[in-house]
Amino acid sequence: MDLDPQPGTDFSDAVRVAGVARELLADLGMTGYAKTSGNRGIHVYVRISPEWEFGAVRHAAIAFGRELEKRDDGVTTARWKEERGERIFVDFNQNTRDRTIASAYSLRPLPGAPVSTPVSWDELATLTSPAGLNLFTVPSRLASDGDPWETIDDEHFSLQPLLDLWDANPVELNYPPDHPKMPGEPPRVQPSKKVAAHWDEDGNRIEGT
């Protein structure tokens, strides 16, 4: 799960939401592992059994985001930036075929050479800035403290609890723009620019409009 701060929010907001995400995962019988994104956001990983295709994983991420919205009004799954407001965006489309995401311990191309760094939940709760986790500090940290994700492969979880949440509200959201139009997907147009008469009930643009 990619927790992405929007304008008007910052890293501390992402930390708060990550704590709520941890509680939600625990309620679902799942264990999450957190890391900094190397920028302003936070990534939460859950190991799953290799039983589902990309569409199911994406729907699970959407269901997770929607449940997180219910628990914290500073969270949004709105696809369009104009609808997100000053909230943390759960970027569900990171769980789509061919997406890339900063891996654990990867350097980011930003000033200060920040590293996308795995952290324990206790450390994350007290972390005020990810800037200190960088090319110059992370190697010694790893050597002295070990890897907070050392046990991430010890247990793999079922997606079924999240897919049950999806089945209770199976409303599709937009795929990335490089994907073909998918069944049930809403129109790929910003709400402020949408002309209702130009779209059919399945979200397809009416020919000639």
Check: Thr96 and Met182 side chains under 4.5 Å, non-hydrogen atoms: no
Donor-acceptor contact below 3.5 Å, side chain Asp10 vs main chain Pro5: no
Test item: Leu28 and Leu165 side chains (from C-beta on) under 4.5 Å apart, heavy atoms: yes
From CA spacing to verdict: side-chain contact (heavy atoms from CB on, under 4.5 Å), Trp52, Leu163: CA-CA 11 Å; Trp52 294 275; Leu163 294 177; 3.5 Å; yes
Test side-chain hydrogen bond (donor to acceptor under 3.5 Å, both in side chains) applied to Asp178 - qualifying residues, sequence neighbours left out: Arg99
Donor-acceptor contact below 3.5 Å, side chain Arg108 vs main chain Ser37: yes
Trp166 side chain to Ala56 backbone, donor-acceptor under 3.5 Å: no
Check: Arg79 and Leu173 side chains under 4.5 Å, non-hydrogen atoms: no
Check: Ser49 side chain, Glu51 main-chain N or O, donor-acceptor pair, under 3.5 Å: no
Any donor-acceptor pair under 3.5 Å from Asp147 side chain to Trp149 backbone: yes
Non-hydrogen side-chain atoms of Pro130 and Thr117 separated by less than 4.5 Å: no
Sequence-distant partners of Ala113, side-chain contact (heavy atoms from CB on, under 4.5 Å), two or more places apart: Leu107, Leu135
Enclosure of Glu150 CD (heavy-atom neighbours >12, cutoff 6.0 Å): no
Side-chain (Asp2) to main-chain (Asn95) donor-acceptor, under 3.5 angstrom: no
Gap between atom NZ of Lys81 and atom CD of Gln6 - 0.5 Å precision: 7.0 Å
Counterpart residues, side-chain hydrogen bond (donor to acceptor under 3.5 Å, both in side chains), relative to Glu23 (two or more places apart): none
Residues that Arg141 engages under salt bridge (Lys or Arg N to Asp or Glu O under 4.0 Å), provided they are two or more places apart: Glu123
Working for side-chain contact (heavy atoms from CB on, under 4.5 Å), residues Glu172 and Ile62: CA-CA 9 Å; Glu172 190 58 88; Ile62 292 172; 3.9 Å; yes
Backbone N/O of Thr9 and side chain of Arg40: donor-acceptor pair under 3.5 Å: yes
Side-chain touch Leu133/Leu127, heavy atoms, less than 4.5 angstrom: yes
Sub-4.5 Å side-chain heavy-atom contact between Val75 and Val20: no
Contact check, side chains of Met1 and Val46, non-hydrogen atoms, under 4.5 Å: yes
Residue of the set Asp4, Val15, Thr36 for which side-chain contact (heavy atoms from CB on, under 4.5 Å) holds with Ile42: Val15
Heavy-atom side-chain proximity of Tyr175 to Arg58 below 4.5 angstrom: yes
Donor-acceptor under 3.5 Å (His179 side chain, Arg97 main chain): yes
Counterpart residues, side-chain contact (heavy atoms from CB on, under 4.5 Å), relative to Thr76 (two or more places apart): Glu69, Ala78, Arg84, Arg87, Phe89
Sidechain-backbone polar pair: Tyr33 side chain, Pro148 backbone, donor-acceptor under 3.5 Å: no
With sequence neighbours excluded, residues passing side-chain hydrogen bond (donor to acceptor under 3.5 Å, both in side chains) with Arg16: Asp13, Asp72
Heavy atoms from other residues, nucleotides or ligands near CG of Asp153 exceed 12 (cutoff 6.0 Å): yes
